[in-house]
Amino acid sequence: MKADFSKPYDPKAVEPEIYKTWLDSGYFNPDTLPGKREKNYIVYMPLPNVTGALHMGHLLNNSLQDILIRYHRMRGYRTLYLPGTDHAGIATQYKVEKELQKEGTSRFKLGREKFIERVWQWKEKYGGAILNQLKQIGISADWSRLRFTMDETYAKDVKAAFVHYFEKGLIYRGARTVNWCPRCGTSLSELELEHKEEQGHLWYVKYPIANRESGIENREYIMVATTRPETMFGDTAVAVNPQDKRYAALVGKSVKLPLTDREIPIVADLKIDPSFGTGALKVTPAHDILDFEIGQRNKLPTIQVIDERGKMNDKAGEYAGMKTEEARAAVVQKLKDLGFLEKEEDYVHNVAICYRCGHVIEPIPSMQWFLKMEKLAKNSLKAVKSGQVDIRPENFETIYFNWLENIRDWTLSRQLWWGHQLPVYFCKEDKDKFVVAEEKPKACPFCKQCGMEQSEDVLDTWFSSALWPFAGLSESDKKKYYPGNALITARDILNLWVARMVFSGLEFMGDVPFKDVLIHGTILTKDGKRMSKSLGTGIDPLKYIDQFGADAARFAIVWQANGQDIRWDEAAVAAGRKFGNKIWNASRFVLEQMGDAAPESEPEPQTDADEEILRKLAAAKKSTERAIEEFEFSKALQGLYDFFWHDLCDVYLETSKKQMADKGAATRGVLFFVLESSLKMLHPFMPFITEAVYQKFPGRRGLLMVAEWDR
RNA sequence: GGGCGUUUAGCUCAGUGGUAGAGCGUUUCAUUGACAUUGAAAAGGUCAGAGGUUCAAUCCCUCUAACGCCCACCA
């Protein structure tokens, strides 16, 4: 490392070399750290998706984690910062599909095997790029332990987890109405939907009361309002709010479904809004998510009338084979002709569309795999309520509790190609028969002759990420490096990810995966808009690293990260660079006073100025320690900035020039001590420049990254 | 619709029951030996609005307004 003191600090020239020195030292690896270290300090990196490049959120997240790791490493802990990347199921598949689209082909033309090859190529390319970017930020993760969520060993743990849950009776298979994209041929999670306003109609349709006894309100029909009359062939009830007096007498009665011979019941359900439409809802469990839930609660049958391609099936009688839009028009006409249609209103409503292709979503029933959440959710709840896991800021606990207290069973299966295929093997002769096992059975236990066929479904990405704190570790590491200490993440995945890691850890390792969960802010643009690539508001942090250096970028993001959302202010990066320059020059001044040998003894203050700077140093150290341990990183950095720039440079350095003549030795002793201590404290925040300066200290010494915090 | 959060100097944000703070920006002055990516100093705020509690409120309570986020989404 030959940073040249005669020139201004040049991060571009110095950073790669320093990073290499760190890597070569082996100190990122907890097993090869110097000294006797008894206590662990472990951070499991939130897995970046291999979908593309890093964003400002990664810079923030990893800077904070690296501060914790570097701080604890210097304090004598056996530190592990475990890095990894996530295959990110649908997100990555979508990216690759986009790429194929540009090439004029598609995954269907390629076939599953070829397509997955393509995704692996993508993963190599972008996953690799992400890792390089993380290195440029300067994070001290143990790259020898790098994992990808589809690595073989990881996959083994994923399969084992699935089998474990199944054998425990927590996984079941069942039909459920899911959001289905007829064009993509897959179900979509709620996160994968977008909503679009559409000009539609609201039709008021009369459903005649069956077996009408005289006296019941003297009503001949109950009127429902619907935007989708074509689904009426799948109606299995009419639902009203139990508190709705208009219909109280009708609950329990039946209606005769128009255009069919079927009779369906009138049921009561709290989810019905009495003020909307007529206050009566036709319930079509097969083709509406809310209706499906009403159906579950009221034990209604499910009748599917629309198929996977978005066409009416034979349950729709004369409309079979029509597209839903055609059938809708035809059904309306028929209802009108037969006098069932009361009126038609124009109506603007939101329809769900596929976030990938924009096609309108068609809810249809499909066979999915579920994980029973009741017990597992309770474990995650208890872990936080009992204080085994601390979430901060504290108000995020409410979000966590609300989600877990209202949990539904987790739909584990996805109809995607990129991901962990379910360890479920079907009999080719009887497709209802299956085996759940980590390995494919040699022979089919049912028909005794077929070779069995693995389920084509893959697992929800979060199923594998939920196992990260231990599936990311080798068998021997599982004993050594679990559980972790702090988990730092953004609030949007508190439930999707954190809550699931907590119960997974308890389930498979018998302990929570970490003690503290720190939720940091989201990075917004200066106008308060969310930073996002798709909105074109995202900024690549490498822009700043290239221009001002990693330390300046880290400084800027940490400076602004005080807990709430951050309206990103570029000016802070320039401030970071200026501070780096200040450190550089102050260090040069101090070291120029030293000559070839550094003072070895404790500083011996002789003047008021000496006393004062040592007192302020001690105070700064104390408050830095407290702030880091309380996860108040911004406060810690600002305190150090203030101390270094003003107390040390503006005041003491100037004073030292005056007292150098007659109290040279003592002054040098104080200067050196204060500088060395300051560099240590600044190192977790601005690792490169502090290390670069430290390497210029006279005499042989090791790396600042493993220097003892207290000396 | 439900929940949460924010509103303090031109900008981005800290902060405290008792004369308001930082960074950046602005103005003035200084300057050849650590640093002009500098130093010294200054200007700039009825701490969103209204009401309440209190000897005292930017800080506690209520309401209002604007903005942001999350969840549920309306047949």
Side-chain angles (χ1 to χ4, degrees), chain A residues 5-9 190-191 193 195 200 202-205 224-229 231-232 235 238-240 269 271-284 287-291 294 347 349-350 352 393-403 406 490-496 521-522 524-530 548-549 552 555-556 559-593 632 634-635 637-639 641-642 645-646 648-651 653-654 656-657 671 675 693:
Chain A
F5 249 157
S6 67
K7 292 179 189 157
Y9 179 64
E190 280 166 30
L191 302 172
L193 302 181
H195 294 272
L202 196 54
W203 286 279
Y204 290 77
V205 183
V224 299
T226 179
T227 56
R228 303 200 55 192
T231 63
M232 64 183 291
D235 287 2
V238 168
V240 298
D269 195 284
K271 282 275 178 175
I272 307 302
D273 176 1
S275 66
F276 188 88
T278 63
L281 168 73
K282 69 189 246 335
V283 184
T284 322
H287 298 293
D288 185 282
I289 308 274
L290 177 67
D291 290 11
I294 295 171
Y347 183 64
H349 62 137
N350 277 325
E394 222 172 274
N395 55 307
F396 289 111
E397 286 188 353
T398 316
I399 296 173
Y400 180 89
F401 293 152
N402 283 346
W403 190 70
N406 298 298
R491 75 171 91 78
D492 49 347
I493 52 177
L494 178 62
N495 295 330
L496 286 176
T522 305
L524 309 173
T525 65
K526 213 168 174 178
D527 312 321
K529 304 250 165 61
R530 192 186 188 82
F548 300 109
F555 175 96
W559 183 270
Q560 295 182 69
N562 54 59
Q564 57 174 301
D565 288 353
I566 298 160
R567 289 195 186 196
W568 172 250
D569 186 359
E570 284 197 354
V573 190
R577 184 183 54 156
K578 276 167 67 176
F579 186 46
N581 185 249
K582 196 74 179 172
I583 294 171
W584 187 249
N585 286 300
S587 302
R588 169 162 65 191
F589 171 76
V590 172
L591 294 183
E592 275 171 358
Q593 311 304 314
E632 294 178 306
S634 177
K635 196 173 156 191
L637 178 59
Q638 293 189 28
Y641 175 94
D642 205 43
W645 198 304
H646 300 114
L648 178 58
C649 294
D650 292 346
V651 179
L653 245 57
E654 294 308 320
S656 78
K657 291 173 188 170
L671 274 177
L675 177 67
V693 170

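Here is the naming used below: chain letters follow the sequence lines, and residue numbers restart at 1 for every chain.
Here, G49(B) and U8(B) have their P atoms 10 Å apart, quoted to the whole Å.
Each of Leu202(A) and Trp645(A) lies near RNA chain B, and the nucleotide nearest Trp645(A) is the one positioned closer to the 5' end. Nearest-nucleotide assignment on RNA chain B puts the 5′-proximal partner with Trp559(A), out of Ser587(A) and Trp559(A).
The interatomic distance linking Lys582(A) (NZ) with A34(B) (P) rounds to 11 Å, in whole Å. When the P atom of U38(B) is taken as reference, atom CD of Glu654(A) falls 14 Å away, rounded to whole Å. Atom pair Leu494(A):CG and G5(B):P shows a separation of 15 Å (rounding to whole Å applied). Remark: P of A34(B) and NE2 of His646(A) are 19 Å apart, rounded to the nearest angstrom. Atom CG in Asp269(A) sits roughly 13 Å away from atom P in C73(B) (whole-Å rounding). Atom-to-atom, CD of Glu397(A) to C1' of C4(B) comes out at 14 Å; the value is rounded to the nearest Å.
Arg577(A) has no side-chain polar atom (N or O) that falls below the 4.0 Å cut-off from OP1 or OP2 of U37(B). Asn562(A) has a side-chain polar atom (N or O) that falls below the 4.0 Å cut-off from OP1 or OP2 of A14(B).
Here Ala575(A) lies in heavy-atom contact (under 4.0 Å) with sugar-phosphate atoms only.
Both cation-pi conditions hold for Lys657(A) and Phe589(A): the charged atom is under 6.0 angstrom from the six-membered ring centre and inside a 45 degree cone around its axis.
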